[in-house]
2 protein chains.
Amino acid sequence: MSIEKDLFKLKPIAYTTMADQVENHLREYIIKRSIKPGDPIPKETEIAQALGVSRNVVREALSRLRMLGMIESRKKRGMILTQPDVMKGLELIIHPTILDESVRKQLFELRLVLEVGLGDLLFRRKTEEQLKKLDAIVEREQKATTQIERIRCEVDFHSMLYEMAGNETLHRFQDILMPVFEYVVEYESKLDHTSVGSVTHADLVKILYANNAEAYPNAMRKHLMPHLDHL
Amino acid sequence: MSIEKDLFKLKPIAYTTMADQVENHLREYIIKRSIKPGDPIPKETEIAQALGVSRNVVREALSRLRMLGMIESRKKRGMILTQPDVMKGLELIIHPTILDESVRKQLFELRLVLEVGLGDLLFRRKTEEQLKKLDAIVEREQKATTQIERIRCEVDFHSMLYEMAGNETLHRFQDILMPVFEYVVEYESKLDHTSVGSVTHADLVKILYANNAEAYPNAMRKHLMPHLDHL
DNA sequence: TACCTGAATATGTAATACTTAATGCAGCTG
DNA sequence: CAGCTGCATTAAGTATTACATATTCAGGTA
(Lines give C-alpha, C1' and ligand atoms only; values in the text may rest on other atoms or scores of the structure.)
Protein backbone atom coordinates (compact mmCIF):
# COMPACT_ATOMS: atom_id res chain seq x y z
CA MET A 1 0.00 0.00 0.00
CA SER A 2 2.79 2.39 0.71
CA ILE A 3 3.96 1.74 -2.83
CA GLU A 4 0.67 2.86 -4.28
CA LYS A 5 0.81 5.91 -2.12
CA ASP A 6 4.19 6.81 -3.54
CA LEU A 7 2.89 6.53 -7.06
CA PHE A 8 0.18 9.00 -6.36
CA LYS A 9 2.53 11.38 -4.66
CA LEU A 10 3.84 12.46 -8.03
CA LYS A 11 0.53 13.82 -9.14
CA PRO A 12 -1.00 16.27 -6.71
CA ILE A 13 0.92 19.22 -8.08
CA ALA A 14 -1.51 19.72 -10.94
CA TYR A 15 -4.21 20.94 -8.62
CA THR A 16 -6.35 23.67 -10.07
CA THR A 17 -8.77 25.76 -8.10
CA MET A 18 -12.20 26.87 -9.19
CA ALA A 19 -10.87 30.38 -9.69
CA ASP A 20 -8.28 29.05 -12.12
CA GLN A 21 -10.93 27.26 -14.11
CA VAL A 22 -13.22 30.25 -14.20
CA GLU A 23 -10.33 32.39 -15.34
CA ASN A 24 -9.68 30.04 -18.23
CA HIS A 25 -13.34 29.88 -19.08
CA LEU A 26 -13.45 33.65 -19.29
CA ARG A 27 -10.37 33.74 -21.49
CA GLU A 28 -11.93 31.25 -23.87
CA TYR A 29 -15.20 33.11 -23.78
CA ILE A 30 -13.49 36.33 -24.78
CA ILE A 31 -11.45 34.74 -27.53
CA LYS A 32 -14.08 32.47 -29.02
CA ARG A 33 -16.66 35.19 -29.23
CA SER A 34 -14.00 37.62 -30.43
CA ILE A 35 -15.17 40.25 -28.01
CA LYS A 36 -13.54 43.58 -28.67
CA PRO A 37 -12.40 46.38 -26.39
CA GLY A 38 -15.40 48.34 -25.20
CA ASP A 39 -17.78 45.41 -25.43
CA PRO A 40 -19.50 44.34 -22.22
CA ILE A 41 -19.08 40.96 -20.57
CA PRO A 42 -21.70 39.19 -18.44
CA LYS A 43 -22.43 40.25 -14.88
CA GLU A 44 -20.70 38.57 -11.99
CA THR A 45 -23.89 36.89 -10.87
CA GLU A 46 -24.64 35.61 -14.35
CA ILE A 47 -21.20 34.10 -14.70
CA ALA A 48 -21.44 32.53 -11.28
CA GLN A 49 -24.78 30.98 -12.05
CA ALA A 50 -23.77 29.84 -15.53
CA LEU A 51 -20.67 28.08 -14.25
CA GLY A 52 -22.26 26.85 -11.05
CA VAL A 53 -19.78 28.46 -8.69
CA SER A 54 -20.05 31.09 -6.02
CA ARG A 55 -19.80 34.72 -6.91
CA ASN A 56 -16.75 34.79 -4.71
CA VAL A 57 -14.78 32.57 -7.04
CA VAL A 58 -15.87 34.53 -10.08
CA ARG A 59 -14.64 37.70 -8.45
CA GLU A 60 -11.21 36.19 -7.90
CA ALA A 61 -10.95 35.33 -11.57
CA LEU A 62 -12.20 38.73 -12.69
CA SER A 63 -9.85 40.40 -10.27
CA ARG A 64 -6.93 38.78 -12.03
CA LEU A 65 -8.02 39.87 -15.46
CA ARG A 66 -8.58 43.35 -14.16
CA MET A 67 -5.06 43.48 -12.78
CA LEU A 68 -3.69 42.68 -16.23
CA GLY A 69 -5.77 45.46 -17.68
CA MET A 70 -7.94 43.11 -19.70
CA ILE A 71 -11.19 44.34 -18.21
CA GLU A 72 -12.55 47.38 -16.43
CA SER A 73 -15.57 47.58 -14.22
CA ARG A 74 -18.02 50.32 -13.38
CA LYS A 75 -20.49 50.22 -10.58
CA LYS A 76 -23.60 49.74 -12.57
CA ARG A 77 -22.60 49.48 -16.21
CA GLY A 78 -21.02 46.10 -15.55
CA MET A 79 -17.66 45.14 -16.91
CA ILE A 80 -16.15 45.86 -20.29
CA LEU A 81 -13.19 44.47 -22.14
CA THR A 82 -10.26 46.83 -22.57
CA GLN A 83 -7.18 46.84 -24.75
CA PRO A 84 -4.54 45.45 -22.39
CA ASP A 85 -1.06 46.83 -22.15
CA VAL A 86 1.04 43.86 -23.27
CA MET A 87 3.90 44.81 -21.00
CA LYS A 88 1.70 45.20 -17.92
CA GLY A 89 2.30 41.63 -16.84
CA LEU A 90 6.05 42.06 -17.00
CA GLU A 91 5.86 45.23 -14.99
CA LEU A 92 3.97 43.50 -12.23
CA ILE A 93 6.60 40.85 -11.73
CA ILE A 94 9.88 42.54 -12.38
CA HIS A 95 11.52 43.84 -9.31
CA PRO A 96 15.28 43.43 -9.08
CA THR A 97 15.33 42.14 -5.54
CA ILE A 98 12.87 39.33 -6.03
CA LEU A 99 14.49 38.07 -9.23
CA ASP A 100 17.25 35.62 -8.74
CA GLU A 101 20.74 36.28 -10.00
CA SER A 102 20.53 34.12 -13.10
CA VAL A 103 17.32 35.73 -14.35
CA ARG A 104 18.74 39.19 -13.86
CA LYS A 105 21.72 38.15 -15.91
CA GLN A 106 19.47 36.83 -18.66
CA LEU A 107 17.48 40.05 -18.77
CA PHE A 108 20.68 42.01 -19.04
CA GLU A 109 21.76 39.86 -21.96
CA LEU A 110 18.40 40.58 -23.50
CA ARG A 111 19.21 44.25 -23.31
CA LEU A 112 22.51 43.80 -25.09
CA VAL A 113 20.79 41.83 -27.83
CA LEU A 114 18.17 44.53 -28.26
CA GLU A 115 20.60 47.39 -28.54
CA VAL A 116 22.74 45.70 -31.15
CA GLY A 117 19.67 44.87 -33.20
CA LEU A 118 18.04 48.25 -32.80
CA GLY A 119 19.75 49.80 -35.82
CA ASP A 120 17.19 49.34 -38.53
CA LEU A 121 14.42 50.89 -36.50
CA LEU A 122 16.65 53.82 -35.66
CA PHE A 123 17.66 54.57 -39.21
CA ARG A 124 14.12 54.43 -40.44
CA ARG A 125 12.66 56.66 -37.77
CA LYS A 126 15.21 59.00 -36.28
CA THR A 127 14.49 62.70 -36.55
CA GLU A 128 16.80 65.68 -36.62
CA GLU A 129 15.45 66.81 -33.30
CA GLN A 130 16.23 63.51 -31.63
CA LEU A 131 19.76 63.50 -32.99
CA LYS A 132 20.23 66.95 -31.49
CA LYS A 133 19.15 65.58 -28.14
CA LEU A 134 21.70 62.82 -28.42
CA ASP A 135 24.33 65.44 -29.16
CA ALA A 136 23.33 67.29 -26.04
CA ILE A 137 23.64 64.18 -23.91
CA VAL A 138 27.08 63.38 -25.30
CA GLU A 139 28.19 66.92 -24.60
CA ARG A 140 26.86 66.76 -21.06
CA GLU A 141 28.71 63.51 -20.58
CA GLN A 142 32.02 64.94 -21.71
CA LYS A 143 31.68 67.82 -19.27
CA ALA A 144 30.65 65.55 -16.42
CA THR A 145 32.92 65.55 -13.41
CA THR A 146 31.34 63.02 -11.08
CA GLN A 147 30.78 59.31 -11.61
CA ILE A 148 27.11 59.78 -10.74
CA GLU A 149 26.69 62.29 -13.51
CA ARG A 150 28.43 60.05 -16.03
CA ILE A 151 26.15 57.16 -15.18
CA ARG A 152 23.11 59.39 -15.59
CA CYS A 153 24.31 60.34 -19.06
CA GLU A 154 24.95 56.71 -19.89
CA VAL A 155 21.38 55.83 -18.97
CA ASP A 156 19.93 58.83 -20.76
CA PHE A 157 21.83 58.05 -23.92
CA HIS A 158 20.62 54.48 -24.18
CA SER A 159 17.08 55.40 -23.18
CA MET A 160 17.06 57.99 -25.94
CA LEU A 161 17.97 55.29 -28.44
CA TYR A 162 14.93 53.25 -27.47
CA GLU A 163 12.77 56.31 -27.79
CA MET A 164 14.15 57.00 -31.22
CA ALA A 165 13.28 53.50 -32.35
CA GLY A 166 9.67 54.67 -32.45
CA ASN A 167 8.27 51.47 -31.04
CA GLU A 168 6.10 52.12 -28.02
CA THR A 169 6.09 48.50 -26.85
CA LEU A 170 9.85 48.23 -27.09
CA HIS A 171 10.30 51.53 -25.30
CA ARG A 172 8.06 50.38 -22.48
CA PHE A 173 9.92 47.11 -22.33
CA GLN A 174 13.16 48.94 -21.79
CA ASP A 175 11.55 51.18 -19.21
CA ILE A 176 10.42 48.21 -17.17
CA LEU A 177 13.75 46.48 -17.42
CA MET A 178 15.71 49.59 -16.48
CA PRO A 179 15.92 48.87 -12.75
CA VAL A 180 17.37 45.48 -13.54
CA PHE A 181 19.96 47.00 -15.82
CA GLU A 182 21.03 49.46 -13.19
CA TYR A 183 21.32 46.65 -10.72
CA VAL A 184 23.61 44.70 -13.02
CA VAL A 185 25.70 47.70 -14.00
CA GLU A 186 26.32 48.40 -10.35
CA TYR A 187 27.30 44.80 -9.86
CA GLU A 188 29.68 44.81 -12.82
CA SER A 189 31.29 48.05 -11.73
CA LYS A 190 32.55 46.26 -8.67
CA LEU A 191 34.29 43.66 -10.79
CA ASP A 192 36.45 45.72 -13.09
CA HIS A 193 37.15 49.40 -13.36
CA THR A 194 34.35 50.58 -15.62
CA SER A 195 36.28 49.64 -18.71
CA VAL A 196 34.92 51.49 -21.68
CA GLY A 197 34.39 50.02 -25.10
CA SER A 198 36.50 51.20 -27.97
CA VAL A 199 33.47 52.84 -29.57
CA THR A 200 32.10 55.84 -27.71
CA HIS A 201 28.68 57.42 -27.64
CA ALA A 202 30.03 60.15 -29.88
CA ASP A 203 31.07 57.55 -32.43
CA LEU A 204 27.61 56.03 -32.40
CA VAL A 205 25.99 59.40 -32.99
CA LYS A 206 28.32 59.98 -35.92
CA ILE A 207 27.13 56.74 -37.48
CA LEU A 208 23.53 57.74 -37.01
CA TYR A 209 24.15 61.08 -38.68
CA ALA A 210 25.93 59.34 -41.52
CA ASN A 211 22.98 57.03 -42.14
CA ASN A 212 25.36 54.11 -42.07
CA ALA A 213 23.05 51.23 -41.22
CA GLU A 214 25.68 48.64 -42.07
CA ALA A 215 28.15 50.01 -39.57
CA TYR A 216 25.75 50.32 -36.68
CA PRO A 217 25.47 46.75 -35.34
CA ASN A 218 29.19 46.15 -35.06
CA ALA A 219 29.80 49.61 -33.68
CA MET A 220 27.26 48.96 -30.94
CA ARG A 221 28.82 45.55 -30.35
CA LYS A 222 32.17 47.16 -29.77
CA HIS A 223 30.61 49.78 -27.55
CA LEU A 224 29.03 47.11 -25.41
CA MET A 225 32.02 44.78 -25.54
CA PRO A 226 32.95 45.20 -21.88
CA HIS A 227 29.53 43.87 -20.96
CA LEU A 228 29.57 41.17 -23.60
CA ASP A 229 32.85 39.90 -22.24
CA HIS A 230 31.14 39.15 -18.97
CA LEU A 231 28.85 36.60 -20.61
CA MET B 1 -22.18 75.41 -11.47
CA SER B 2 -21.82 73.46 -14.71
CA ILE B 3 -18.32 74.87 -14.94
CA GLU B 4 -17.33 73.48 -11.56
CA LYS B 5 -18.83 70.18 -12.55
CA ASP B 6 -16.63 70.04 -15.62
CA LEU B 7 -13.56 70.61 -13.53
CA PHE B 8 -14.34 67.66 -11.36
CA LYS B 9 -15.13 65.45 -14.27
CA LEU B 10 -11.45 65.05 -14.97
CA LYS B 11 -10.70 63.34 -11.70
CA PRO B 12 -12.83 60.31 -10.90
CA ILE B 13 -10.70 57.84 -12.82
CA ALA B 14 -8.24 57.27 -10.00
CA TYR B 15 -10.50 54.91 -8.05
CA THR B 16 -8.71 52.09 -6.30
CA THR B 17 -10.37 49.14 -4.63
CA MET B 18 -9.41 47.53 -1.34
CA ALA B 19 -8.01 44.57 -3.23
CA ASP B 20 -5.68 46.88 -5.15
CA GLN B 21 -4.42 48.39 -1.95
CA VAL B 22 -3.90 45.06 -0.27
CA GLU B 23 -2.03 43.86 -3.34
CA ASN B 24 0.33 46.80 -3.10
CA HIS B 25 0.74 46.32 0.61
CA LEU B 26 1.77 42.73 0.03
CA ARG B 27 4.23 43.73 -2.67
CA GLU B 28 5.84 46.23 -0.34
CA TYR B 29 5.82 43.74 2.46
CA ILE B 30 7.67 41.21 0.36
CA ILE B 31 10.22 43.69 -0.93
CA LYS B 32 10.89 45.59 2.26
CA ARG B 33 11.42 42.49 4.31
CA SER B 34 13.38 40.96 1.43
CA ILE B 35 11.48 37.72 1.72
CA LYS B 36 13.01 35.00 -0.39
CA PRO B 37 11.52 32.12 -2.37
CA GLY B 38 10.49 29.39 0.01
CA ASP B 39 9.83 31.74 2.89
CA PRO B 40 6.32 31.76 4.31
CA ILE B 41 4.02 34.76 4.29
CA PRO B 42 1.33 35.50 6.86
CA LYS B 43 -1.97 33.65 6.89
CA GLU B 44 -4.98 35.07 5.11
CA THR B 45 -6.75 35.80 8.36
CA GLU B 46 -3.72 37.52 9.82
CA ILE B 47 -3.38 39.77 6.81
CA ALA B 48 -7.08 40.54 6.84
CA GLN B 49 -7.00 41.48 10.49
CA ALA B 50 -3.79 43.46 10.21
CA LEU B 51 -5.11 45.56 7.35
CA GLY B 52 -8.64 45.76 8.66
CA VAL B 53 -10.33 44.26 5.62
CA SER B 54 -12.35 41.15 4.99
CA ARG B 55 -10.65 37.91 4.18
CA ASN B 56 -12.41 38.05 0.86
CA VAL B 57 -10.50 41.10 -0.26
CA VAL B 58 -7.24 39.58 0.88
CA ARG B 59 -7.96 36.51 -1.16
CA GLU B 60 -8.49 38.58 -4.28
CA ALA B 61 -5.10 40.17 -3.84
CA LEU B 62 -3.40 36.86 -3.10
CA SER B 63 -5.14 35.30 -6.06
CA ARG B 64 -3.50 37.83 -8.34
CA LEU B 65 -0.04 37.20 -6.99
CA ARG B 66 -0.60 33.49 -7.29
CA MET B 67 -1.57 33.85 -10.93
CA LEU B 68 1.75 35.56 -11.61
CA GLY B 69 3.55 32.73 -9.90
CA MET B 70 4.78 34.92 -7.06
CA ILE B 71 3.27 32.75 -4.34
CA GLU B 72 2.06 29.21 -3.85
CA SER B 73 -0.33 27.93 -1.27
CA ARG B 74 -0.77 24.62 0.46
CA LYS B 75 -3.78 23.66 2.47
CA LYS B 76 -2.27 23.86 5.85
CA ARG B 77 1.29 25.02 5.48
CA GLY B 78 0.08 28.45 4.49
CA MET B 79 1.52 30.38 1.60
CA ILE B 80 5.10 30.67 0.50
CA LEU B 81 6.91 32.97 -1.85
CA THR B 82 8.12 31.38 -5.06
CA GLN B 83 10.55 32.43 -7.75
CA PRO B 84 8.23 33.88 -10.38
CA ASP B 85 8.61 33.20 -14.04
CA VAL B 86 9.31 36.69 -15.38
CA MET B 87 7.61 35.95 -18.66
CA LYS B 88 4.46 34.57 -17.06
CA GLY B 89 2.74 37.92 -17.15
CA LEU B 90 3.39 38.31 -20.85
CA GLU B 91 2.08 34.86 -21.55
CA LEU B 92 -1.18 35.64 -19.80
CA ILE B 93 -1.93 38.64 -21.94
CA ILE B 94 -0.58 37.81 -25.33
CA HIS B 95 -3.12 36.36 -27.64
CA PRO B 96 -3.00 37.50 -31.24
CA THR B 97 -6.71 38.09 -31.60
CA ILE B 98 -7.09 40.37 -28.62
CA LEU B 99 -4.07 42.49 -29.48
CA ASP B 100 -4.72 45.32 -31.81
CA GLU B 101 -2.97 45.62 -35.12
CA SER B 102 -0.41 48.21 -34.07
CA VAL B 103 0.76 46.23 -31.05
CA ARG B 104 1.18 43.09 -33.13
CA LYS B 105 3.28 45.09 -35.53
CA GLN B 106 5.43 46.38 -32.70
CA LEU B 107 5.99 42.90 -31.34
CA PHE B 108 7.03 41.71 -34.74
CA GLU B 109 9.53 44.53 -34.97
CA LEU B 110 10.81 43.43 -31.61
CA ARG B 111 11.48 40.02 -33.07
CA LEU B 112 13.47 41.45 -35.94
CA VAL B 113 15.53 43.49 -33.51
CA LEU B 114 16.22 40.44 -31.37
CA GLU B 115 17.35 38.22 -34.20
CA VAL B 116 19.78 40.76 -35.58
CA GLY B 117 21.26 41.29 -32.14
CA LEU B 118 21.38 37.63 -31.23
CA GLY B 119 24.83 37.03 -32.69
CA ASP B 120 27.07 37.43 -29.71
CA LEU B 121 25.08 35.01 -27.61
CA LEU B 122 25.13 32.49 -30.43
CA PHE B 123 28.86 32.60 -31.01
CA ARG B 124 29.61 32.25 -27.35
CA ARG B 125 27.31 29.31 -26.72
CA LYS B 126 26.64 27.32 -29.85
CA THR B 127 27.57 23.66 -29.77
CA GLU B 128 28.53 21.27 -32.56
CA GLU B 129 25.38 19.33 -31.94
CA GLN B 130 23.16 22.36 -32.36
CA LEU B 131 24.88 23.34 -35.58
CA LYS B 132 24.19 19.85 -36.90
CA LYS B 133 20.54 20.33 -36.11
CA LEU B 134 20.53 23.58 -38.05
CA ASP B 135 22.08 21.72 -40.97
CA ALA B 136 19.33 19.18 -40.81
CA ILE B 137 16.66 21.86 -40.87
CA VAL B 138 18.23 23.58 -43.87
CA GLU B 139 18.42 20.28 -45.68
CA ARG B 140 14.79 19.54 -44.89
CA GLU B 141 13.86 22.95 -46.19
CA GLN B 142 15.64 22.46 -49.48
CA LYS B 143 13.81 19.19 -50.04
CA ALA B 144 10.47 20.63 -49.08
CA THR B 145 7.81 20.56 -51.72
CA THR B 146 4.84 22.25 -50.10
CA GLN B 147 4.51 25.80 -48.82
CA ILE B 148 3.35 24.47 -45.46
CA GLU B 149 6.52 22.45 -45.08
CA ARG B 150 8.70 25.40 -45.99
CA ILE B 151 7.00 27.57 -43.38
CA ARG B 152 7.52 24.88 -40.77
CA CYS B 153 11.22 24.83 -41.56
CA GLU B 154 11.36 28.59 -41.42
CA VAL B 155 9.86 28.55 -37.94
CA ASP B 156 12.06 25.68 -36.79
CA PHE B 157 15.19 27.39 -38.00
CA HIS B 158 14.57 30.62 -36.16
CA SER B 159 13.39 28.83 -33.03
CA MET B 160 16.59 26.84 -33.06
CA LEU B 161 18.57 30.05 -33.08
CA TYR B 162 16.87 31.23 -29.90
CA GLU B 163 17.55 27.90 -28.29
CA MET B 164 21.20 28.13 -29.25
CA ALA B 165 21.48 31.51 -27.61
CA GLY B 166 21.39 29.68 -24.30
CA ASN B 167 19.22 32.21 -22.57
CA GLU B 168 16.16 30.62 -21.04
CA THR B 169 14.29 33.89 -20.56
CA LEU B 170 14.89 34.94 -24.13
CA HIS B 171 13.88 31.54 -25.42
CA ARG B 172 10.67 31.69 -23.49
CA PHE B 173 10.05 35.20 -24.72
CA GLN B 174 10.27 33.99 -28.28
CA ASP B 175 8.02 31.06 -27.49
CA ILE B 176 5.32 33.31 -26.18
CA LEU B 177 5.58 35.71 -29.08
CA MET B 178 5.53 32.96 -31.69
CA PRO B 179 1.78 33.02 -32.31
CA VAL B 180 2.01 36.72 -32.98
CA PHE B 181 4.82 36.20 -35.44
CA GLU B 182 2.89 33.59 -37.31
CA TYR B 183 -0.03 35.92 -37.47
CA VAL B 184 2.06 38.67 -39.00
CA VAL B 185 3.85 36.37 -41.43
CA GLU B 186 0.53 35.20 -42.70
CA TYR B 187 -0.56 38.79 -43.10
CA GLU B 188 2.58 39.77 -44.96
CA SER B 189 2.36 36.79 -47.26
CA LYS B 190 -0.82 38.26 -48.63
CA LEU B 191 0.90 41.48 -49.52
CA ASP B 192 3.79 40.38 -51.64
CA HIS B 193 4.89 37.05 -52.98
CA THR B 194 7.00 35.71 -50.12
CA SER B 195 10.04 37.54 -51.34
CA VAL B 196 13.15 35.99 -49.90
CA GLY B 197 16.11 37.91 -48.58
CA SER B 198 19.39 37.70 -50.42
CA VAL B 199 20.95 35.79 -47.53
CA THR B 200 19.61 32.29 -47.03
CA HIS B 201 19.46 30.06 -43.99
CA ALA B 202 22.36 28.10 -45.43
CA ASP B 203 24.44 31.29 -45.61
CA LEU B 204 23.69 32.03 -41.96
CA VAL B 205 24.77 28.56 -40.90
CA LYS B 206 27.98 29.00 -42.81
CA ILE B 207 28.73 32.17 -40.87
CA LEU B 208 28.05 30.37 -37.61
CA TYR B 209 30.44 27.58 -38.55
CA ALA B 210 33.05 30.14 -39.54
CA ASN B 211 32.82 31.88 -36.18
CA ASN B 212 32.43 35.14 -37.98
CA ALA B 213 30.76 37.29 -35.35
CA GLU B 214 31.35 40.47 -37.31
CA ALA B 215 29.49 39.20 -40.34
CA TYR B 216 26.45 37.91 -38.49
CA PRO B 217 24.40 41.04 -37.79
CA ASN B 218 24.44 42.33 -41.34
CA ALA B 219 23.86 38.87 -42.76
CA MET B 220 20.78 38.51 -40.61
CA ARG B 221 19.67 41.99 -41.59
CA LYS B 222 19.83 41.02 -45.22
CA HIS B 223 18.04 37.79 -44.50
CA LEU B 224 15.21 39.66 -42.83
CA MET B 225 15.22 42.54 -45.29
CA PRO B 226 11.84 41.66 -46.83
CA HIS B 227 10.28 42.08 -43.39
CA LEU B 228 12.30 45.16 -42.56
CA ASP B 229 11.11 46.82 -45.72
CA HIS B 230 7.58 46.60 -44.43
CA LEU B 231 8.36 48.86 -41.49
C1' DT C 1 9.41 0.95 16.70
C1' DA C 2 5.80 1.22 13.47
C1' DC C 3 1.26 2.21 12.34
C1' DC C 4 -3.22 4.09 12.97
C1' DT C 5 -6.24 7.75 14.50
C1' DG C 6 -8.03 12.01 15.45
C1' DA C 7 -7.46 16.90 16.63
C1' DA C 8 -5.78 21.27 14.99
C1' DT C 9 -5.02 24.39 11.30
C1' DA C 10 -5.15 27.10 6.98
C1' DT C 11 -6.80 27.34 2.46
C1' DG C 12 -10.87 26.65 -0.78
C1' DT C 13 -15.77 27.34 -1.54
C1' DA C 14 -20.51 28.82 -0.65
C1' DA C 15 -24.13 31.78 0.82
C1' DT C 16 -26.05 35.93 2.49
C1' DA C 17 -26.42 40.61 3.47
C1' DC C 18 -25.25 45.19 3.18
C1' DT C 19 -22.89 49.46 0.96
C1' DT C 20 -22.04 52.40 -2.78
C1' DA C 21 -22.24 54.40 -7.18
C1' DA C 22 -24.43 54.98 -11.50
C1' DT C 23 -28.46 54.94 -14.40
C1' DG C 24 -33.01 55.77 -15.72
C1' DC C 25 -37.67 56.82 -15.08
C1' DA C 26 -41.48 59.14 -13.15
C1' DG C 27 -43.41 62.85 -11.21
C1' DC C 28 -43.31 67.45 -9.76
C1' DT C 29 -42.61 72.45 -10.57
C1' DG C 30 -42.07 76.60 -13.14
C1' DC D 1 -43.55 71.67 -22.39
C1' DA D 2 -38.88 71.90 -20.39
C1' DG D 3 -36.09 70.94 -16.77
C1' DC D 4 -35.00 69.60 -12.36
C1' DT D 5 -35.72 66.42 -8.24
C1' DG D 6 -35.72 62.34 -6.16
C1' DC D 7 -36.70 57.52 -5.83
C1' DA D 8 -36.12 52.81 -7.50
C1' DT D 9 -33.08 49.70 -9.72
C1' DT D 10 -29.01 47.57 -10.84
C1' DA D 11 -24.34 45.68 -10.42
C1' DA D 12 -19.98 45.95 -8.31
C1' DG D 13 -17.42 46.30 -3.70
C1' DT D 14 -17.13 44.69 1.00
C1' DA D 15 -18.12 42.03 5.19
C1' DT D 16 -19.52 37.99 7.78
C1' DT D 17 -20.37 33.34 8.63
C1' DA D 18 -20.18 28.61 7.84
C1' DC D 19 -18.50 24.54 6.04
C1' DA D 20 -15.32 21.43 3.10
C1' DT D 21 -10.87 19.67 2.40
C1' DA D 22 -6.28 18.62 2.89
C1' DT D 23 -2.14 18.58 5.63
C1' DT D 24 0.49 18.33 9.74
C1' DC D 25 1.37 16.70 14.23
C1' DA D 26 0.79 14.47 18.45
C1' DG D 27 -0.66 10.70 21.02
C1' DG D 28 -2.17 6.12 21.65
C1' DT D 29 -1.94 1.06 20.59
C1' DA D 30 -0.08 -3.34 19.02
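Predicted model, so just to flag it, every value in this text is computed and none were measured. Numbers restart at 1 for each chain; the letters A, B, ... are given by sequence-line order, proteins then strands.
When rounded to the nearest whole Å, the span between OH of A/Y15 and C1' of D/dT23 equals 12 Å. One interatomic measurement links the two molecules: CE of A/M18 to C1' of D/dA22, which rounds to 15 Å at whole-angstrom precision. Taking atom CZ of B/R74 as the reference point, atom P of C/dT11 lies 13 Å away to the nearest angstrom. Rounding to whole angstrom units, CD of residue B/E60 and C1' of D/dA12 are separated by 10 Å. Taking atom CE on A/M79 and atom P on D/dA12, their separation rounds to 7 Å, with Å as the unit. For the pair A/E46 CD and D/dA12 C1', the computed distance is 13 Å after rounding to whole Å. What separates CD1 of B/I71 from P of C/dA10 is a distance of 16 Å, to the nearest Å. Here C/dT13 presents its C1' atom at 12 Å from CD of A/Q21, a figure rounded to the nearest Å.
Aromatic ring centroids of A/H201 and A/F157 lie under 6.0 Å apart.
OP1 and OP2 of D/dT14 both lie 4.0 Å or more from every side-chain N or O belonging to B/S54. Contact between the side-chain N/O atoms of B/T17 and the OP1/OP2 oxygens of D/dA12 is not found at any separation under 4.0 Å. Between A/R55 and C/dA14, a side-chain N or O to OP1/OP2 separation shorter than 4.0 Å is absent. Of the side-chain N and O atoms in A/S73, one or more sit less than 4.0 angstrom from OP1 or OP2 of D/dG13. Checking the phosphate oxygens (OP1, OP2) of C/dT11, no side-chain nitrogen or oxygen of B/R77 falls inside 4.0 Å.
Both A/G52 and A/K76 lie near DNA chain C, and the one whose nearest nucleotide falls closer to the 5' end is A/G52. Each of A/N56 and A/R66 has a nearest nucleotide on DNA chain D; the 5'-most of these lies closest to A/R66.
For the 3.5 Å distance criterion, the side chains of A/D20 and A/T17 qualify, holding a donor opposite an acceptor. Counting only N and O atoms by type, the side chains of B/T45 and B/R55 include no donor and acceptor under 3.5 Å apart. Side-chain atoms of A/H25 and A/Q21 form no donor-acceptor pair, as typed in the model, at a separation below 3.5 Å.
Atom CD1 of B/I41 is separated from atom CD1 of B/I47 by 5.5 Å, given to the nearest 0.5 angstrom.
Of the candidate nucleotides D/dA15, D/dT21, D/dA12, D/dA15 has the atom lying nearest to any side-chain atom of B/V57.
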